[in-house]
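All values below were derived from every heavy atom in this structure, side-chain atoms included, with hydrogens, water molecules and symmetry-related copies excluded. Heads up: numbering here begins at 1 and tracks the sequence.
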Amino acid sequence: MPIGPRDLLRRGRRAVRAGRLLLWRRTLRRRALDVTADTARRTALVVAPHPDDETLGCGGTVALKRQHGTRVRVLVVTDGRRSHRSAVISPDELAAIRADEARRATAALGLPPDELVLLGVREDELAEHVETVVDAIAAELRSGEFADVLVTSDWDWHDDHRLVSAAVREAAARAGGAVRVLEFPVWSWVDGPDDPRAALDGVRAGLVDVTAVLEQKRAAVAEYRSQTTNLSGEDDWAVMDATLLGRFLGDAEIFVEPAADRAGAGR
């Protein structure tokens with residue numbers, strides 16, 4: 001079947017978009033300072049909107065810190081019950097599955113069991129419980145035991161990621177102290193931010209080399225079988241395939257300062 005003008009136009013637009021995203025990733029990585037040695041020794045609270053965000057976005061960094069004996073605490077905000085709709089697995093069952101996956105994945109990264117906090121907010125009710133989330137994060141930060149708080153990037157298109165990113169910034173402000181907020185891209189690393197060019201304006205980024213712990217991260221990702229395999233056997237059960245997972249299994253993880261902390265930063 002011959003390819004029509006509209007198909008050619010769509011393909012051309014996709015190619016242009018893919019080229020811009022590749023350039024954005026390469027530029028961001030090139031501008032990032034290698035902070036591997038410093039990061040390995042800085043205590044951190046990791047805040048994940050859903051079970052798996054902590055592993056996909058900064059699992060290598062968590063593993064690296066733990067190899068150096070550095071304290072890491074992971075707070076997973078929602079129960080992840082909305083990742084799939086199924087006639088076989090109920091939302092309550094999926095939430096329980098994902099909680100168990102989070103326990104196994106973080107253990108694979110070297111996290112002690114008592115350093116994982118499953119806040120358990122229903123994923124479909126996060127917007128109604130933002131204040132609860134802010135309070136929980138602020139309570140952790142008031143301990144004064146964390147040098148950094150790591151959270152999904154406000155560049156991510158997912159509303160939950162943006163809500164939790166904002167909650168962390170608010171919690172850090174309420175808690176006071178000198179905790180540093182850093183964001184890690186998850187879906188924006190796959191699909192790019194809304195405006196890749198503007199996102200680079202004034203950006204201050206750090207790069208953590210995770211080559212030494214990459215197999216450990218790979219094992220942790222594999223624990224999220226509800227996301228990486230067809231758990232229910234249904235035709236429409238979405239699966240993160242090897243191409244998608246490859247975005248998260250590179251040799252480095254990127255962290256950026258929130259835009260609010262960057263003078264003249266674009267969003």
Side-chain angles (χ1 to χ4, degrees), residues 28-49 52-77 102-117 136-154 164-165 167-169 171-186 189 203-221 223 248-262:
L28 183 60
R29 178 166 175 149
R30 186 172 65 249
R31 292 186 184 181
L33 298 176
D34 189 328
V35 295
T36 307
D38 180 56
T39 296
R41 292 172 173 81
R42 291 180 66 90
T43 56
L45 174 68
V46 178
V47 182
D52 75 7
D53 289 321
E54 80 296 328
T55 299
L56 294 172
C58 65
T61 299
V62 171
L64 188 67
K65 287 177 182 292
R66 294 302 302 137
Q67 278 196 357
H68 284 76
T70 303
R71 186 185 180 195
V72 181
R73 191 164 174 83
V74 173
L75 189 154
V76 179
V77 174
R103 295 184 187 99
R104 295 199 305 270
T106 52
L109 296 174
L111 195 77
D114 60 352
E115 293 286 21
L116 173 64
V117 179
I137 298 168
E140 296 284 353
L141 297 181
R142 288 192 186 101
S143 71
E145 297 184 15
F146 302 109
D148 295 333
V149 55
L150 312 179
V151 66
T152 47
S153 177
D154 191 49
V164 173
S165 177
V168 162
R169 295 193 299 274
R174 292 186 191 181
V179 66
R180 180 177 65 174
V181 177
L182 295 173
E183 297 180 345
F184 53 88
V186 178
W189 196 244
V203 71
R204 289 198 290 268
L207 178 150
V208 177
D209 186 334
V210 298
T211 306
V213 292
L214 186 56
E215 290 309 307
Q216 198 174 346
K217 178 177 180 177
R218 192 184 303 276
V221 169
E223 293 291 355
F248 303 113
L249 294 171
D251 62 357
E253 292 172 348
I254 299 290
F255 298 88
V256 298
E257 292 184 4
D261 296 343
R262 305 195 305 262

Report task. Apply side-chain contact (heavy atoms from CB on, under 4.5 Å) to the pair V181 and V168, showing each step before the final yes or no. Result -> CA-CA 8 Å; V181 177; V168 162; 3.9 Å; yes
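- Looking at heavy atoms from C-beta onward, L28 lies in side-chain contact with V203 at the 4.5 angstrom threshold.
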Report task. Go through V76 and V117 one step at a time and tell me if the side-chain contact (heavy atoms from CB on, under 4.5 Å) criterion holds. Result -> CA-CA 6 Å; V76 179; V117 179; over 6 Å; no
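- Considering CZ of R41 and OG1 of T70, their distance stands at 7.0 Å, rounded to 0.5 Å.
- For the pair V47/L150, no side-chain contact is recorded, criterion being any heavy-atom separation below 4.5 Å from C-beta on.
- Salt-bridge formation is not detected for the pair D34/R29: no Lys NZ or Arg NE/NH1/NH2 atom is positioned less than 4.0 Å from an Asp or Glu carboxylate oxygen.
- Here the closest heavy-atom approach between residue D53 and residue P49 is recorded as OD2-CD, 3.4 Å.
- To the nearest 0.5 Å, atom CZ of residue F248 and atom CG of residue D52 are 8.5 Å apart.
- For E140, the salt bridge (charged side-chain N to carboxylate O under 4.0 Å, His left out) partners two or more places apart in sequence, or in a different chain, are R73.
- Take D148 and apply the salt bridge (charged side-chain N to carboxylate O under 4.0 Å, His left out) test, not counting sequence neighbours, and it matches R42, R180.
- At distances below 3.5 Å, not a single donor-acceptor pair connects side-chain atoms of S153 with backbone N or O atoms of F184.
- Judged as a side-chain contact (heavy atoms from CB on, under 4.5 Å), and not counting sequence neighbours, the contacts of A108 are A220.
- Side-chain contact between L116 and R103 is present, with heavy atoms from C-beta onward closer than 4.5 Å.
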Query raised in the report: Is there a side-chain contact (heavy atoms from CB on, under 4.5 Å) between V72 and L111 once you walk through the steps?
Result: CA-CA 7 Å; V72 181; L111 195 77; 4.0 Å; yes
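- Two residues are said to be in side-chain contact when any heavy atoms from C-beta on lie closer than 4.5 Å; K65 and H68 fail this criterion.
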Report task. Go through the steps for C58 and F255 under the test side-chain contact (heavy atoms from CB on, under 4.5 Å), then give the verdict. Result -> CA-CA 9 Å; C58 65; F255 298 88; 3.7 Å; yes
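- Residues passing the side-chain hydrogen bond (donor to acceptor under 3.5 Å, both in side chains) test with K217 are E253, sequence neighbours excluded.
- Looking at T106, its side chain does come within 3.5 Å of a backbone N or O of A102 through a donor-acceptor pair.
- Partners of R174 by side-chain contact (heavy atoms from CB on, under 4.5 Å), not counting sequence neighbours, listed by chain and number: E131, V134, D135, R142, E170.
- For the residue pair A32 and G206, the shortest heavy atom distance occurs at CB-C, 3.9 Å.
- Across every non-hydrogen atom of A205 and V256, the tightest pair is CB-CG1, 3.7 Å.
- No side-chain heavy atom of V210 sits less than 4.5 Å from a side-chain heavy atom of D251.
- Taking D38 as the reference, nothing meets the salt bridge (charged side-chain N to carboxylate O under 4.0 Å, His left out) condition, with sequence neighbours excluded.
- Under the 4.5 Å side-chain criterion, counting only non-hydrogen atoms from C-beta, T39 is in contact with T61.
- Within the 4.5 Å cutoff, the side chain of I254 has heavy atoms near those of the W189 side chain.
- Nearest heavy atom pair, residue G250 against residue L214, reads O-CD1, 3.4 Å.
- Under the side-chain hydrogen bond (donor to acceptor under 3.5 Å, both in side chains) criterion, Q67 pairs with no residue at all, not counting sequence neighbours.
- S165 pairs by the side-chain hydrogen bond (donor to acceptor under 3.5 Å, both in side chains) definition with R169, E183, not counting sequence neighbours.
- Every residue meeting the side-chain contact (heavy atoms from CB on, under 4.5 Å) condition with E223, not counting sequence neighbours, appears here in chain and number order: R104, A105.
- Residues satisfying the side-chain hydrogen bond (donor to acceptor under 3.5 Å, both in side chains) criterion with Q216, sequence neighbours excluded, are absent altogether.
- For the pair L64/T36, a side-chain contact is recorded, criterion being any heavy-atom separation below 4.5 Å from C-beta on.
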